[in-house]
Structures are given as structure tokens and as C-alpha cells.
Amino acid sequence: MSAGKRFREAVDREKPLQVIGTINAYHALMAKRVGYRAIYLSGGGVAAGSLGVPDLGISNLDDVLTDVRRITDVCDLPLLVDVDTGFGASAFNVGRTTKSLIKSGAAAMHIEDQVGAKRCGHRPGKELVSREEMCDRIKAAVDARTDPAFVIMARTDSLANEGLDAAIERARQYVAAGADMIFPEAVSDLKTYAQFVRAAGVPVLANITEFGKTPMFALDELRAAGVAIALYPLTAFRAMNKAALKAYETVREKGSQKDVLGEMQTRDELYDFLDYHSYEKKLDELFSREKRP
């Protein structure tokens with residue numbers, strides 16, 4: 001079964017489907033152990049975590065593919081990937097992005113209707129392309145996919161700029177252009193989500209990111225509004241950053257890590273997630289075989 005098909009099945013089975021952000025391959029393994037059915041790679045996470053730059057359209061396709069491959073190499077959970085505006089101005093760029101993601105093992109992607117010099121969806125100053133240009137992006141992605149089950153999700157950032165009616169009309173046109181799912185960004189109330197759900201006629205994603213425009217709605221609230229996917233893009237990343245900063249400060253100020261040991265994952269816990277001992281056993285067997293006379 002393809003990754004795209006597994007993502008679609010996960011959306012059908014869990015309502016709403018919780019999709020958690022995994023900034024790297026190891027986090028993907030932890031998410032799977034906890035019981036998530038799908039995971040996410042954030043464009044902002046790639047920019048900040050892998051490159052150390054802001055989410056302002058600086059990262060490129062290869063940056064994202066590097067992290068995608070690392071995750072899909074070790075974790076079989078279906079992976080939703082943020083591709084910003086498609087990594088290029090032409091249909092050929094969007095097509096290349098789509099094919100490359102499928103080849104790298106991704107299950108789904110979301111592409112947005114901002115201009116190339118994009119901004120975080122919860123920041124001011126966003127500029128949009130026309131509905132026609134965004135529809136062309138979607139059509140290019142649909143035409144390029146080599147797996148028909150690979151999910152093309154259309155994100156619209158138009159709510160802040162153009163208002164609800166225009167944003168809903170954009171969503172309708174994006175579905176008509178071939179989008180499998182809709183991602184309305186920076187929604188601030190459940191009634192608006194319900195309106196998108198009714199208008200789109202396809203699964204709708206709610207981005208439950210922290211410190212943004214969208215409240216941290218609970219699953220039962222999202223379920224009542226008809227939302228199909230609850231996305232938590234950088235929850236673990238933000239927690240890990242806070243923990244890392246505290247560890248850096250503690251070691252620098254106190255000359256020892258003793259005060260933060262209780263907040264660390266232990267060596268045994270790390271080895272458990274990595275199945276370290278089975279690797280070590282295999283290595284020992286190979287070495288013992290080589291040493292035989």
C-alpha cells in the first residue's frame with residue numbers, strides 16, 4: 001500500500017486525525033511508539049531546525065527532501081509535508097516538487113496561495129497570488145503525481161487578507177482544480193471551520209499551532225465542527241528548544257548538568273526507541289563470523 005493510500009486511510013479511521021510534527025527521524029520513531037497514525041514535516045521547522053533561518057521562503061526543495069528521506073527511511077507512518085508555494089514559479093517546479101516527494105516516501109503535501117516570498121501564516125504582511133495562479137499550482141501538482149493516492153492539500157492564507165467569503169470561494173475553486181483536502185490557515189473560531197467544511201466538501205485541516213491566531217481547540221470541539229485533521233506542527237520542537245536552552249544555561253552557569261538530569265531522556269530510553277541492542281547484536285555476530293579461522 002502506498003504512503004498516500006495509508007494517509008487517506010488514517011484520515012478515514014480517526015476523526016479528527018491527529019497529525020503531530022516530527023522535526024527529525026528520531027522524533028518520528030517516538031511519535032509512532034506513542035500511537036500517532038500520521039506525522040508532519042513543517043516548512044518552518046526545516047527552516048529553523050535544519051537551517052537556522054526564519055520561515056520566509058529561504059529554504060528550498062532539497063532542504064526539505066533531505067529531512068523527508070531521513071524520516072521515511074526509518075518510520076513508515078504516512079508523512080504530510082509542507083512545500084510552501086511549491087519551490088518555484090512555474091508548473092514545472094511544482095511538478096518536480098510533487099514527483100520528488102513521492103519518490104522520497106512522503107504521503108501528502110500542502111501547497112499554499114502566498115507569493116514566493118512567503119511568510120509564516122500567523123504573521124502580518126502576507127501577500128497572495130490570484131486564485132487562477134493557485135489553481136494552476138494545484139493542477140500542476142495533480143498532473144505530476146506518480147501515485148494517484150498521494151494527497152494534494154491546498155492551503156489558503158486568504159482569510160486574513162480577503163475575508164471569509166473570499167477565502168471560502170478560494171477553497172471551492174481549489175477543490176475544483178483537484179485539491180484532495182483543504183487547509184484554511186489562521187482560523188480563529190470553530191464556526192469558521194464548520195463553514196469551510198460545508199463549503200469544501202473534502203477533508204479540512206485545522207492548524208492547532210501554539211502562539212498563533214488559532215486557539216488550542218480540543219479534539220471534541222474540532223470533531224463537532226467537522227474538522228478531519230488536527231495538526232500540531234511544532235509542539236515537540238518548541239518543547240525541545242525550551243529544554244535545550246535550559247540545559248545549555250544550566251551547564252554554563254553551574255558547571256554541571258546534574259540539575260537537569262531529571263528532565264533528560266535516559267540512555268536506556270534512547271536505546272529502546274532506536275532498538276539499539278539488536279543493532280549491536282547483529283554487529284557482534286558479523287564480527288565473530290569474520291574472526292573465525
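- Proximity of Met134 to Leu128: side-chain heavy atoms (C-beta onward) are nowhere separated by under 4.5 Å.
- Leu234 and Ile20 fall into different hydrophobic clusters, where Ile, Leu, Val, Met, Phe, Trp and Tyr residues are linked whenever their side-chain heavy atoms come under 4.5 Å apart, directly or through other members.
- Distance check: Ile138 CD1 to Asp180 CG gives 10.0 Å after rounding to the nearest 0.5 Å.
- Remark: side-chain polar atoms of Arg70 are not paired, donor with acceptor, to backbone N or O of Asn24 under 3.5 angstrom.
- In this structure, the side chains of Lys246 and Lys242 stay at 4.5 Å or more apart for every pair of heavy atoms.
- Residues Arg155 and Asn207 form no side-chain contact, since every pair of their non-hydrogen atoms from C-beta on lies 4.5 Å or further apart.
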Evaluate side-chain contact (heavy atoms from CB on, under 4.5 Å) for Phe150 paired with Met109, printing each intermediate quantity in order.
CA-CA 8 Å; Phe150 182 79; Met109 72 182 215; 3.8 Å; yes

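- When all heavy atoms of Ser42 and Gly45 are compared, the pair lying nearest together is OG-N, 2.9 Å.
- Judged by distance alone, the side chain of Asn93 and the main-chain N or O of Ser90 form a donor-acceptor pair under 3.5 Å.
- Contact annotation: the side chain of Leu274 never approaches that of Tyr279 to less than 4.5 Å [non-hydrogen atoms, C-beta and beyond].
- There is a side-chain donor-acceptor pair under 3.5 Å between Asp113 and Thr156.
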Using side-chain contact (heavy atoms from CB on, under 4.5 Å), reason through Thr98 and Ile152 one step at a time and then give a plain yes or no.
CA-CA 9 Å; Thr98 306; Ile152 308 296; 4.2 Å; yes

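- Residues Ala28 and Cys75 approach most closely at O-SG, 3.7 Å, considering heavy atoms.
- Relative to the ring axis of Phe273, Arg33 places its NZ or CZ within 45° and under 6.0 Å from the centre.
- In this structure a side-chain-to-backbone donor-acceptor pair under 3.5 Å is present from Glu269 to Thr266.
- Contact check for Ser50 versus Asp63: no side-chain heavy atoms found under the 4.5 Å cut-off.
- Around the CE atom of Met264, the shell of radius 6.0 Å holds more than 12 heavy atoms that belong to other residues, nucleotides or ligands.
- When hydrophobic clusters are built by joining Ile, Leu, Val, Met, Phe, Trp and Tyr residues whose side-chain heavy atoms come closer than 4.5 Å, directly or via intermediates, Leu61 is grouped together with Val94.
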Between Glu169 and Arg172, is a salt bridge (charged side-chain N to carboxylate O under 4.0 Å, His left out) present by the stated rule, with each step listed?
CA-CA 5 Å; Glu169 182 56 31; Arg172 287 196 184 102; 3.4 Å; yes

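- The environment of Arg238 atom CZ is dense: over 12 non-hydrogen atoms of other residues, nucleotides or ligands sit within 6.0 angstrom.
- By the 4.5 Å heavy-atom criterion applied to side chains, Pro16 and Leu219 are counted as neighbours.
- Heavy atoms only, all atoms of each residue included: Ser59 and Asp84 are closest at OG-OD2, 4.3 Å.
- The existence of a salt bridge linking Arg6 and Glu9 is excluded, since no basic side-chain nitrogen approaches an acidic carboxylate oxygen closer than 4.0 Å.
- For Asn241 (side chain) and Phe237 (main-chain N/O), a donor-acceptor pair under 3.5 Å exists by modelled atom type.
- Note that OH of Tyr174 is 8.0 Å distant from CD1 of Ile182, once rounded to the nearest 0.5 Å.
- To the nearest 0.5 angstrom, Asp157 atom CG is 5.5 Å from Glu185 atom CD.
- Hydrophobic cluster membership differs between Val68 and Val19, with clusters built from Ile, Leu, Val, Met, Phe, Trp and Tyr side chains linked at under 4.5 angstrom.
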Please step through side-chain contact (heavy atoms from CB on, under 4.5 Å) for the pair Val11 and Ile229, ending with a clear verdict.
CA-CA 7 Å; Val11 172; Ile229 301 170; 4.0 Å; yes

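- Here CG of Asp55 is found 7.0 Å from CG of Asp82. Values are rounded to the nearest 0.5 Å.
- Without hydrogens or angle criteria, Arg137 side chain to Glu112 main chain gives a donor-acceptor distance under 3.5 Å.
- Taking the six-membered ring for Trp and thresholds of 30 and 60 degrees, Tyr40 and His110 have nearly parallel ring planes, at less than 30 degrees apart.
- Using a 4.5 Å cut-off on side-chain heavy atoms (C-beta onward), Pro184 and Val204 make contact.
- To the nearest 0.5 Å, atom CG of residue Leu51 and atom CG of residue Asn60 are 8.0 Å apart.
- The minimum heavy-atom distance linking Gly95 with Ala144 is given by the pair CA-CB, 3.4 Å.
- Shown here for Leu65 and Ser104, the closest heavy-atom pair between the two residues is CD2-OG, 3.7 Å.
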Apply side-chain contact (heavy atoms from CB on, under 4.5 Å) to Val227 and Glu221, showing your working.
CA-CA 9 Å; Val227 168; Glu221 294 176 300; over 6 Å; no

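- A donor atom on one side chain and an acceptor atom on the other are found under 3.5 Å apart for Ser2 and Asp147.
- Between the side chains of Ser158 and Asn161, no donor-acceptor pair of N or O atoms lies under 3.5 Å.
- In terms of modelled atom types and a separation under 3.5 Å, the side chain of Thr214 and the main chain of Ile208 share no donor-acceptor contact.
- Counting heavy atoms of neighbouring residues, nucleotides and ligands inside a 6.0 Å radius, atom NZ of Lys99 does not exceed 12 of them.
- Once rounded to the nearest 0.5 Å, the distance linking CD1 of Ile39 with CG of Leu80 reads 10.0 Å.
- Note on ring orientation: taking the six-membered ring where Trp is involved, the planes of Tyr276 and Tyr271 are parallel (angle under 30°, cut-offs 30° and 60°).
- Side-chain heavy atoms closer than 4.5 Å link hydrophobic residues (I, L, V, M, F, W, Y) into clusters, and following such links, even through other members, never connects Phe196 to Met181.
- The two residues Val202 and Ala179 make their nearest non-hydrogen contact at CG1-O, 4.4 Å.
- In terms of hydrophobic clustering, with Ile, Leu, Val, Met, Phe, Trp and Tyr side chains grouped at heavy-atom distances under 4.5 Å, Ile111 and Leu205 are assigned to different clusters.
- The shortest side-chain heavy-atom distance between Met30 and His27 falls under the 4.5 Å cut-off.
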